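Everything numeric in this text was worked out from a predicted model, so none of it was measured. Whatever order the structure lists ligands and atoms in, that order sets their numbers, starting from 1. Every heavy atom of this structure was used, including side-chain atoms; hydrogens, water molecules and symmetry mates were not.
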Amino acid sequence: MVERVRMTSREERERAIRDAGYNTFLLRSRDVYIDLLTDSGTSAMSDEQWAGMMRGDEAYAGSTNFYHLEDAMRRVYGYRYLVPTHQGRGAEHIISKILIRPGDIIPGNMYFTTTKLHQELAGGKFLDVIIDEAHDPASTHPFKGNVDLDKLESAIRKYGAKKIPYVSMAVSVNMAGGQPISLENLRAVRSLTKAHGIRVILDATRVAENAYFIKRREPGQQKRTIAEIVGEICSLTDGCTMSAKKDCLVNVGGFLALNEEEIYEQASNLCVVYEGLHTYGGLAGRDMEALAIGIGESVEEDHIRARVGQVEYLGKKLAGWGIPIVLPIGGHAVFIDARKVLPRLPQKHFPAQALSAAIYLDSGVRTMERGAVSAGRNRETGKPIWPRLELVRLTLPRRVYTQAHMDVVAESVLAVHESRDQILGLKMVYEPRFLRFFQAKFQPLDS
Ligand code: PLI
């Protein structure tokens with residue numbers, strides 16, 4: 001099957017982005033030429049996955065597809081128990097409700113929007129313990145997703161282990177630019193937390209992409225398979241939340257996986273409240289089948305090399321033309337450093353949001369802001385958070401676009417970069433209460 005793409009005129013795009021309040025999330029997809037908004041749910045399913053869709057067992061309870069999914073999860077990730085959810089945030093909601101008490105602290109290697117919100121809604125507070133290099137777009141540290149063990153240790157000393165229900169450990173750290181963690185770092189986090197009786201809950205969303213970087217960069221890992229490395233990452237944690245819409249190559253789906261029976265029992269009970277029966281969790285049988293097959297495909301060596309290789313292709317092209325991007329190039333996306341592109345715009349005028357809108361205007365390529373708009377406000381003080389990273393994310397769906405599409409994207413970014421002096425800052429004219437980046441609206445400021 002092919003998806004047709006539609007080219008638009010400059011006038012059409014001007015109208016579309018104005019109507020969308022200069023927020024690319026509010027554009028209609030028919031007005032988008034090449035869609036690099038996200039890699040979430042936008043990948044192309046394989047022939048095997050489509051065949052699996054035809055074998056949906058849509059029984060309300062005990063669907064055969066659930067058991068296939070459970071087998072695949074155990075085989076690749078190795079956890080004991082599975083709770084399917086409609087997507088990643090469904091799993092985040094459930095685990096946060098179970099493990100977090102009001103006043104708890106959840107250290108993690110950089111925030112992710114939905115993960116942090118669910119931790120806060122459960123009464124907890126997220127504490128960033130990622131290494132400093134992660135906040136510096138120019139640092140070429142090979143594992144910029146790593147936890148700073150001194151920061152974690154001092155958090156344990158300051159708050160006490162009883163106030164820390166778990167460490168929230170991400171792989172291919174999204175907000176840092178798709179940056180990996182090393183096995184060595186995860187092992188150290190594991191032994192430190194174990195000594196204090198603290199759990200590690202993995203956000204396994206892009207674990208295969210992280211494993212690929214470990215295989216390429218970490219001493220002694222070159223001969224191992226991606227599947228082996230993924231298995232070891234998971235084995236160093238007590239459970240995971242998974243947005244299956246990324247690595248696992250499905251359009252919808254997620255899960256919570258656990259090793260402790262007691263937590264699993266609570267989770268499967270909350271699943272029936274918020275998601276659906278514990279053997280479908282908001283998914284159709286056919287979705288679970290496609291996911292079971294996608295899990296296997298996600299750790300295939302050729303697939304993952306081609307996937308990360310395409311991101312690298314785009315990133316190298318942009319970097320080669322002098323466009324400031326986050327280095328090293330990440331696993332799922334290329335991130336443009338909007339502060340460097342638009343140094344005359346203060347952060348309060350949302351340079352990344354403005355740059356993202358400008359790229360759409362130029363060519364119909366849709367990207368996403370990952371800066372001050374995404375960071376939102378401090379929930380206690382209500383004050384805006386001003387992150388060091390002010391980025392535009394060009395996110396590549398898996399198995400969808402060709403290298404020629406990447407050339408079109410790169411040429412548009414170059415054109416926008418060359419005319420960057422004309423880009424106006426933005427003011428926010430509508431701000432929703434939660435996860436504002438999805439629905440906020442803006443207006444251009446006068447030049
Ligand atoms: O969109 P969900 O609810 O399936 O998953 C939430 C989620 C959790 N963790 C991480 C690292 C994510 O990247 C993530 C969703 N990411 C989106 C939608 C993205 O565009 O990156």
Side-chain angles (χ1 to χ4, degrees), residues 23-25 27 29 32 35-43 83-96 106 108-121 126 128 130 134 144-145 168-181 201-210 233 237 239-257 274-275 281-283 287 290-291 294 298 311 326 330-335 352 356 366-371 373-375 389 391-398 400 434-439:
N23 184 348
T24 51
F25 276 101
L27 288 166
S29 81
V32 172
D35 203 347
L36 305 188
L37 181 72
T38 178
D39 61 335
S40 181
T42 53
S43 296
V83 181
T85 57
H86 74 285
Q87 51 184 77
R89 69 198 73 180
E92 292 166 353
H93 177 209
I94 292 175
I95 196 68
S96 301
I106 301 95
N109 51 347
M110 203 173 272
Y111 86 101
F112 184 72
T113 54
T114 58
T115 321
K116 177 169 167 247
L117 177 63
H118 281 296
Q119 290 162 353
E120 290 173 346
L121 290 173
F126 177 80
D128 189 6
I130 202 165
K144 272 166 100 173
S168 188
M169 194 79 194
V171 275
S172 300
V173 180
N174 197 351
M175 303 304 279
Q179 302 297 327
I181 58 165
I201 300 292
L202 182 72
D203 180 342
T205 296
R206 296 182 182 86
V207 67
E209 289 165 9
N210 195 120
I233 292 172
T237 70
C240 81
T241 55
M242 173 66 97
S243 170
K245 301 171 69 169
K246 284 84 167 173
D247 254 11
C248 303
L249 300 158
V250 285
N251 303 126
V252 74
F255 58 82
L256 176 61
Y274 294 111
E275 300 285 320
L283 300 172
D287 295 328
L291 172 50
S298 79
V311 178
V326 173
H332 67 305
V334 177
F335 292 70
S356 178
R366 171 154 68 173
T367 61
M368 183 196 289
E369 188 265 7
R370 294 275 78 159
V373 183
S374 296
L389 297 176
L391 311 173
V392 171
R393 190 181 75 175
L394 287 74
T395 337
L396 273 60
R398 297 161 189 79
V400 172
F434 299 115
L435 302 173
R436 66 181 186 178
F437 58 95
F438 282 131
Q439 294 159 324

Going by salt bridge (charged side-chain N to carboxylate O under 4.0 Å, His left out), name the residues that satisfy it together with Asp203, two or more places apart in sequence or in a different chain.
none

Output all residues satisfying salt bridge (charged side-chain N to carboxylate O under 4.0 Å, His left out) with Asp35, sequence neighbours left out; order by chain, then residue number.
Arg366

Say you draw a straight line from NE2 of His118 to CZ of Arg89; how long is it, rounded to the nearest 0.5 Å?
7.0 Å

Applying a heavy-atom distance cut-off of 4.0 Å, which protein residues contact ligand 1?
Thr38, Ser40, Gln87, Gly88, Arg89, Glu92, Phe112, Thr114, Asn174, Asp203, Thr205, Arg206, Ser243, Lys245, Lys246, Met368, Arg393

Can you tell me if Ser356 and Thr367 form a side-chain donor-acceptor pair at under 3.5 Å?
yes

Has Thr395 got a side-chain atom pairing as donor or acceptor with Leu36's backbone, closer than 3.5 angstrom?
yes

Residues in salt bridge (charged side-chain N to carboxylate O under 4.0 Å, His left out) contact with Glu369, at least two apart in sequence or another chain
none

